[in-house]
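Written out below as structure tokens is the structure these notes cover.
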There are 2 protein chains.
Amino acid sequence: MFMKKKRPSLKDIAEVLNISTTTVSFVLNGKGAEKKISKELIARVETYLKEINYKPNLVARSLRTGSTRVLVFMVEDISNHFFSKVGRLIEDICYKNDYRVLFCSTENNVKRTQELIHLFHERQVDGFIIVPPPGIEKEISYLLENEVPVVLFDRKIPELEADYVIINNYEGAKQSTQHLIDSGYKNIAFITIDLDQIQMHDREAGYRATIENAGFEPQILKLPYNTSNVVASREKMKDFFKSNKNIDALFFATNYLSQSGLKAIHQIDPQLINKLGIISFDDSGFFEMYSPTISAFAQPVDEMANQLMKILLNKLKNKEKPKPVKLVLEGTLVERESSSKK
Amino acid sequence: MFMKKKRPSLKDIAEVLNISTTTVSFVLNGKGAEKKISKELIARVETYLKEINYKPNLVARSLRTGSTRVLVFMVEDISNHFFSKVGRLIEDICYKNDYRVLFCSTENNVKRTQELIHLFHERQVDGFIIVPPPGIEKEISYLLENEVPVVLFDRKIPELEADYVIINNYEGAKQSTQHLIDSGYKNIAFITIDLDQIQMHDREAGYRATIENAGFEPQILKLPYNTSNVVASREKMKDFFKSNKNIDALFFATNYLSQSGLKAIHQIDPQLINKLGIISFDDSGFFEMYSPTISAFAQPVDEMANQLMKILLNKLKNKEKPKPVKLVLEGTLVERESSSKK
DNA sequence: GTGAAAGCGCTAACAG
DNA sequence: CTGTTAGCGCTTTCAC
């Protein structure tokens with residue numbers, strides 16, 4: 001018969017060393033000097049802590065302090081090149097500020113996002129960076145009302161007084177479209193997603209304005225948004241490409257649409273790709289690897305990460321809330337083989 | 001002057017309703033009937049809980065119960081197709097068992113992995129599924145000693161008495177190599193990583209045995225493992241391909257090596273890919289999308305997820321530890337365009 | 001059927 | 001300089 005060895009607590013340590021838990025706690029938290037505990041005692045405690053490889057119970061600490069020092073970065077899909085890049089940068093900034101950060105993917109699914117928000121809020125995380133899926137307004141308001149620090153990212157929610165960092169989608173779509181026009185393409189189609197999200201509307205509007213301004217005809221394919229059925233989407237793209245043979249260039253509204261589109265193009269005819277101009281909104285590691293390499297309108301990931309964290313850390317520090325920060329950044333066109341002059 | 005509205009606690013609720021916290025707690029946890037609380041009281045409490053949209057403080061609950069009902073799935077890179085697929089399946093099983101699961105990437109970095117293990121252990125997660133990077137033995141032993149449920153995945157650590165779920169890498173490499181031989185390739189090179197990990201050794205051994213058995217010459221390129229310097233790796237591949245013109249097929253030891261290799265091949269000559277036989281260990285969403293589509297040796301993701309969770313849930317339930325479960329599963333060859341007969 | 005009260009492990013105000 | 005102690009919000013035993 002044996003007992004499960006219980007993890008030692010501060011109290012256990014205090015008993016062994018014949019001192020109070022207060023002293024141990026102070027030393028543990030590096031407040032020994034500040035609290036004027038003698039060098040010898042500090043050394044004795046630290047040695048013992050190291051010896052038994054003591055790990056404090058952070059659940060208890062969090063309950064006591066009311067802070068977990070954990071933040072959450074909640075995006076549509078953390079494996080997406082754009083989000084993972086920003087995530088990585090954010091992680092570094094968090095560590096420097098003695099915060100930890102957890103990543104998770106909403107898959108643009110409201111229900112899943114609600115669950116994630118509650119999961120983390122109930123576990124008392126200190127703050128959120130969220131790419132809000134459509135329909136999540138209520139949960140965001142809930143966090144706001146409860147004065148949980150939240151910064152929106154990639155999309156804003158117009159009716160909400162929340163901080164956000166986004167890019168100028170309209171301008172990016174204009175530049176991308178204009179680039180294809182400048183490269184000599186005349187029948188440029190826009191492939192987008194049938195989702196009532198402001199950033200998608202802006203991209204479409206940018207495309208439309210540029211095409212019409214050049215005296216061309218907009219041609220738009222709107223795919224239903226359902227990650228589960230990529231095959232059906234690809235079939236729709238194939239049908240669209242086949243029945244609109246006049247198209248000589250494609251502008252994809254997101255990087256995952258591009259990837260699906262490239263596959264569709266390949267399935268129609270492996271040579272077809274070399275006859276089309278292609279550009280994608282959002283960059284991807286994949287684009288540099290494809291043959292030909294694929295042009296993209298890239299978002300300013302460094303600046304986004306810096307700004308997001310600056311806003312969030314500020315909210316974490318100052319409990320009284322200032323006016324929401326609303327940031328609209330500019331992206332840059334990355335010209336690769338797929339959009340060169342034909 | 002206003003006060004930050006504190007989240008209501010069980011005590012607040014009890015006061016408002018003029019009952020004890022015990023009763024509220026019982027109702028909250030669905031134990032009303034079991035504890036024979038009157039239907040009316042249950043209804044009254046539930047109504048009020050809903051009305052104020054009460055969210056329990058799970059940090060407090062965890063401190064009290066000693067369980068967070070959170071598990072961690074710690075892999076090399078969660079954006080890797082193989083790991084994200086398994087992760088998704090595991091997530092479903094967790095939810096069904098009323099556990100939550102957190103995902104994170106070790107990047108095969110020991111220091112990072114140590115920090116992650118401690119981060120989560122200090123926060124009292126209930127269990128771990130870990131793809132162990134080389135050099136992490138000590139931390140895993142630490143968890144084992146503290147009787148934290150751990151299951152290793154994708155790789156075992158021979159000197160450790162830990163549960164694990166892996167595949168037969170030797171057999172998979174043999175099948176993959178044999179498939180290239182059967183397709184008529186004669187000079188098959190193996191591209192691998194210079195990492196002292198058992199699964200890499202097994203893959204190499206499987207390749208070597210099959211090649212020698214067919215009377216051919218093994219040709220192996222070992223790249224240094226450093227995710228940071230993909231460009232340098234790619235340059236090494238290019239040099240290797242250029243200075244070994246006799247090579248007519250390539251067997252990549254991991255899916256990320258394949259992706260890097262495909263890029264190298266493209267950079268040498270966009271047409272070169274069509275002259276080479278290619279197969280990759282581990283499948284990837286990318287392979288189905290590439291032109292040509294890339295063959296792969298795929299791991300049995302469903303079975304892996306099921307077995308991992310079966311083992312972990314069992315450990316969570318039965319505190320006395322049984323003998324470690326050591327599972328070696330078989331993968332399957334997915335034949336695509338890149339390895340067809342030339 | 002319901003409530004009082006102890007206690008999970010930690011921090012920090014206060015006392016000495 | 002160090003210790004006593006209250007209490008974070010919750011669960012659960014025991015009492016009535």
Side-chain angles (χ1 to χ4, degrees), chain A residues 4-46 48-49 52 54-70 121-126 146, chain B residues 4-46 48-49 52 54-70 121-126 146:
Chain A
K4 177 173 159 54
K5 55 172 138 339
K6 193 178 63 75
R7 266 170 71 161
S9 72
L10 272 195
K11 205 174 146 205
D12 298 331
I13 293 170
E15 274 168 16
V16 170
L17 296 180
N18 250 310
I19 54 177
S20 77
T21 59
T22 313
T23 311
V24 183
S25 174
F26 284 156
V27 174
L28 182 64
N29 292 296
K31 292 184 185 167
E34 180 187 327
K35 298 290 176 180
K36 308 200 177 179
I37 294 174
S38 68
K39 302 251 178 288
E40 303 76 45
L41 223 195
I42 293 181
R44 198 155 71 91
V45 175
E46 281 179 344
Y48 185 68
L49 290 181
I52 63 165
Y54 172 71
K55 303 281 176 219
N57 181 332
L58 297 193
V59 168
R61 177 182 292 173
S62 292
L63 178 60
R64 178 63 236 231
T65 62
S67 157
T68 52
R69 297 207 77 81
V70 171
H121 181 231
E122 289 177 347
R123 285 177 175 76
Q124 317 291 117
V125 300
D126 291 354
N146 282 270
Chain B
K4 178 170 160 53
K5 53 170 138 341
K6 194 177 64 74
R7 266 169 71 162
S9 71
L10 272 196
K11 203 173 150 209
D12 298 331
I13 293 170
E15 274 169 15
V16 170
L17 296 180
N18 248 310
I19 54 178
S20 77
T21 58
T22 313
T23 310
V24 183
S25 175
F26 284 157
V27 174
L28 182 64
N29 292 295
K31 293 185 183 167
E34 180 187 328
K35 299 289 176 181
K36 308 200 179 182
I37 293 174
S38 67
K39 302 252 177 291
E40 303 76 47
L41 223 194
I42 294 181
R44 198 156 69 90
V45 174
E46 282 180 341
Y48 185 67
L49 290 180
I52 63 165
Y54 172 71
K55 304 280 174 222
N57 181 331
L58 297 193
V59 168
R61 176 181 292 173
S62 294
L63 178 60
R64 178 61 235 232
T65 61
S67 156
T68 52
R69 298 207 76 81
V70 171
H121 180 233
E122 289 177 346
R123 284 177 177 76
Q124 318 291 118
V125 300
D126 291 353
N146 282 269

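Sequence lines set the chain letters: A, B, ... in the order given, protein chains first and strands last, and positions in each chain run from 1. Keep in mind the model is a prediction, meaning the values are calculated, not measured.
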Between [options], which one does the side chain of [X] approach most closely?
X     : options                : value
B:L28 : C:dC10, D:dT11, D:dT2  : D:dT11
B:R64 : C:dT11, C:dA12, D:dT11 : D:dT11
A:T21 : C:dA12, D:dG9, C:dG1   : C:dA12
B:P56 : D:dG9, D:dC10, C:dT11  : D:dC10
A:R61 : D:dT11, C:dT11, D:dC1  : C:dT11
B:K31 : C:dT2, D:dT12, D:dT2   : D:dT12

Pick the closest DNA chain D nucleotide for B:F26 and for B:V59 by heavy atoms, then say which residue is nearer the 5' end.
B:V59
Pick the closest DNA chain C nucleotide for B:T65 and for B:T23 by heavy atoms, then say which residue is nearer the 5' end.
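The 5'-side residue here is B:T23.
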Length of the [atom1]-[atom2] vector between [X] and [N], whole Å:
X     : N      : atom1 : atom2 : value
B:N18 : C:dG3  : CG    : P     : 9 Å
B:K39 : C:dG1  : NZ    : C1'   : 12 Å
A:L10 : D:dT4  : CG    : P     : 15 Å
A:K11 : C:dT11 : NZ    : C1'   : 15 Å
B:L63 : D:dT12 : CG    : P     : 13 Å
A:I13 : C:dC10 : CD1   : C1'   : 11 Å
B:I42 : C:dT2  : CD1   : C1'   : 12 Å

Would the base of C:dA12 count as contacting A:S25 through its side chain, where contact means a donor and an acceptor less than 3.5 Å apart?
no
Under 3.5 Å, is there an N or O donor on one side and an acceptor on the other linking the side chain of B:T22 and the base of D:dT12?
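Answer yes: a donor N or O sits under 3.5 Å from an acceptor.
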If you round to the nearest 0.5 Å, how far is OG1 of A:T21 from NZ of A:K11?
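OG1 of A:T21 is found 9.0 Å from NZ of A:K11.
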I'd like to check B:Q124 versus A:L58 (side-chain heavy atoms, cut-off strictly below 4.5 Å). Are they in contact?
no
Side-chain contact, heavy-atom cut-off 4.5 Å: A:I19 with A:V24?
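Sidechains of A:V24 and A:I19: in contact.
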Regarding A:L58, tell me which of base, sugar-phosphate or nothing describes its non-hydrogen contacts under 4.0 Å with the strands shown.
nothing
Contact class for B:I37 (heavy atom, under 4.0 Å): base, sugar-phosphate, or nothing?
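Sugar-phosphate: the residue B:I37, judged by heavy atoms under 4.0 Å, touches backbone atoms but no base.
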Does any donor atom in the side chain of B:T23 or B:S20 lie under 3.5 Å from an acceptor atom in the other side chain?
yes
